[in-house]
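What follows is a single structure, written as structure tokens, with notes after it.
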Amino acid sequence: MRGCALCTLGKIYSVNERGVTLTLKEIGKVPVEVDGILPDTVLSLGAREIGQLKVQIGKQTVELGDVFDIKCDGDEALIFEGDLKRVKRIGENMSQGRIMVKGDAGMHLGQRMKGGTIVVNGNLEPRCCCEMSGGTVIVKGNAKAMLGSPLPGNSKGMRGGMIMVFGSVGNRVGEGMRRGLIAVTGDAGDFAGANMIAGTIVVFGKLGLNSGGGMKRGSIVSIGGTDRVLSTFGYSCLYSPTYLKLYFKYLRDCGFPMNDEIFNGLYRRYVGDMSSLGKGEILTLENS
């Protein structure tokens, strides 16, 4: 696991990334939806063919070349550049390859992602990585609400894969989470892991209120603690979880802050949510 992480990070932080670069032109305030613009469909094409691919601007279908300047200088990654807050669905249904986002990214990034790697050198708008089932998403900024949550009308959120956020996250991170790992260096908003079915959320900062509300199984770990654990969780014990050290070793290799207190410290364990199945847990570092 350690070698895999270091290999991945070596590619992530490479300054010589080569591939197809899409630089956003001036588009105004109308969102652009780029679902279908994926590494496995773009990297084998020339600039002219890429420019003829279709994207959506509001209710209008246009060619990709009308929205982005296109540069081809390799086949390692699909690279998005510019002010991308209004560019939605980057990496939606992605199954392989690498996407680099140089800047902030719009809603629905990594939605229903199945594999591959997305690296965002900026912040995320709400509702990203909804219902992803595989792959890795790395965010070098903050992420807004509902990261890894279900889509409207559904009950299951993230079903697998890994999300690493080197910043803070908003409300309802990991809502309805079924499998996978979400790790955050900063704080998490309210309702983290709400209605969680399984999986693991690790927050190195502070948890917001009502974390784990309605959770059935799974683990929510907070290094910075929380102001209040829901009354439907019962205190279980104070101990040093062996399984956590495996996560911490992996996250340390991925660049997460780690010290002996975190790695070997004692954690308060709360079991719940007793209003649901009640087999989940919230772990908080003793001195937080």
Side-chain angles (χ1 to χ4, degrees), residues 1-17 39 76-77 79 90-91 94 96-105 109-110 113-124 128-129 132-143 147-148 157-170 173-174 177 179-188 192-193 198-207 218-224 240-265 267 283 285 288:
M1 184 179 287
R2 185 173 186 271
C4 178
L6 292 176
C7 178
T8 300
L9 288 176
K11 295 179 180 179
I12 289 168
Y13 292 105
S14 172
V15 295
N16 298 314
E17 195 75 52
E76 294 177 5
I79 304 166
I90 294 174
M94 179 177 173
Q96 60 182 320
R98 289 170 47 77
I99 290 179
M100 300 284 291
V101 180
K102 297 184 177 180
D104 298 340
L109 176 139
M113 180 178 175
K114 303 175 183 66
T117 302
I118 300 177
V119 181
V120 181
N121 290 281
N123 303 314
L124 286 184
C128 288
C129 305
M132 71 179 287
S133 58
T136 301
V137 175
I138 299 169
V139 183
K140 298 182 183 178
N142 301 316
L147 179 70
M158 182 178 177
R159 293 106 189 270
M162 179 168 61
I163 303 172
M164 295 187 288
V165 180
F166 290 86
S168 295
V169 295
V173 59
M177 186 175 179
R179 292 186 183 89
L181 170 66
I182 299 176
V184 182
T185 62
D187 300 329
T200 304
I201 300 174
V202 181
V203 178
F204 282 74
K206 191 172 183 178
L207 276 178
S219 300
I220 301 174
V221 183
S222 174
I223 309 303
S240 180
T242 302
Y243 83 92
L244 265 189
K245 295 180 181 180
L246 299 175
Y247 281 106
F248 287 157
K249 285 180 180 179
Y250 182 80
L251 293 174
R252 179 185 60 195
D253 291 340
C254 292
F256 277 71
M258 199 67 61
N259 56 38
D260 186 67
E261 181 183 13
I262 296 172
F263 195 82
N264 295 309
Y267 287 79
L283 300 171
L285 186 63
S288 60

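Since this is a predicted model, take the numbers as computed values, not measurements.
- Side-chain contact between Val221 and Tyr267: present, with at least one pair of heavy atoms (C-beta onward) separated by less than 4.5 Å.
- When all heavy atoms are compared, the tightest approach of Ala183 to Leu251 is CB-CD2, 3.7 Å.
- Summarising the geometry of Gly174 relative to Ile201, their closest heavy-atom pair is CA-CD1, 4.1 Å, with the distance given to 0.1 Å.
- Side-chain atoms of Val202 and Leu181, non-hydrogen and from C-beta on, do get closer than 4.5 Å to each other.
- When all heavy atoms are compared, the tightest approach of Arg159 to Arg179 is O-CB, 3.1 Å.
- Scored by the ring-ring contact (aromatic ring centres under 6.0 Å, His included) test, Phe204 finds Phe256 as partners (sequence neighbours excluded).
- Rounding to the nearest 0.5 Å gives a distance of 7.5 Å between CG of Leu244 and OG of Ser219.
- Every side-chain hydrogen bond (donor to acceptor under 3.5 Å, both in side chains) that Lys206 has, sequence neighbours left out, goes to Asp227.
- Between Ser240 and Gly265 the shortest heavy-atom distance is OG-O, 3.5 Å.
- Atom OH of residue Tyr243 and atom CZ of residue Phe248 lie 8.5 Å apart, to the nearest 0.5 angstrom.
- Put simply, the side chain of Gln96 does not reach to within 4.5 Å of the side chain of Pro39, judged on heavy atoms.
- Atoms CD1 and CG, from Ile223 and Leu285 in turn, are 5.5 Å apart once rounded to the nearest 0.5 Å.
- What you find for Ala188 and Val173 is that their closest heavy atoms are CB-CG1, 4.4 Å.
- Expressed to the nearest 0.5 Å, how far CE of Met158 lies from CE of Met113 amounts to 9.5 Å.
- Contact record, Tyr250 with Met162: OH-CE, 3.0 Å, taken as the closest heavy-atom pair.
- With contacts defined as side-chain heavy-atom distances shorter than 4.5 Å, the pair Arg98/Ile79 does not qualify.
- Of the options Val119, Val165, Val120, a side-chain contact (heavy atoms from CB on, under 4.5 Å) to Lys140 is made by Val119 and by none of the others.
- In this structure, the side chains of Leu109 and Val101 come closer than 4.5 Å at one or more pairs of heavy atoms.
- We find the CD1-CD1 distance between Ile118 and Ile90 to be 8.0 Å, quoted to the nearest 0.5 Å.
- Distance check, rounded to the nearest 0.5 Å: OG1 of Thr185 to CG of Asn142 gives 8.0 Å.
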**OP:** Please lay out, stage by stage, how Thr117 and Met94 fare under the test side chain to side chain contact (heavy atoms under 4.5 Å, CB included).
**Re:** CA-CA 9 Å; Thr117 302; Met94 179 177 173; 5.6 Å; no
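- In this structure, Asp104 contributes its side chain and Asn123 its backbone to a donor-acceptor pair below 3.5 Å.
- Residues Asn121 and Lys102 bring no donor and acceptor atom of their side chains to less than 3.5 Å of each other.
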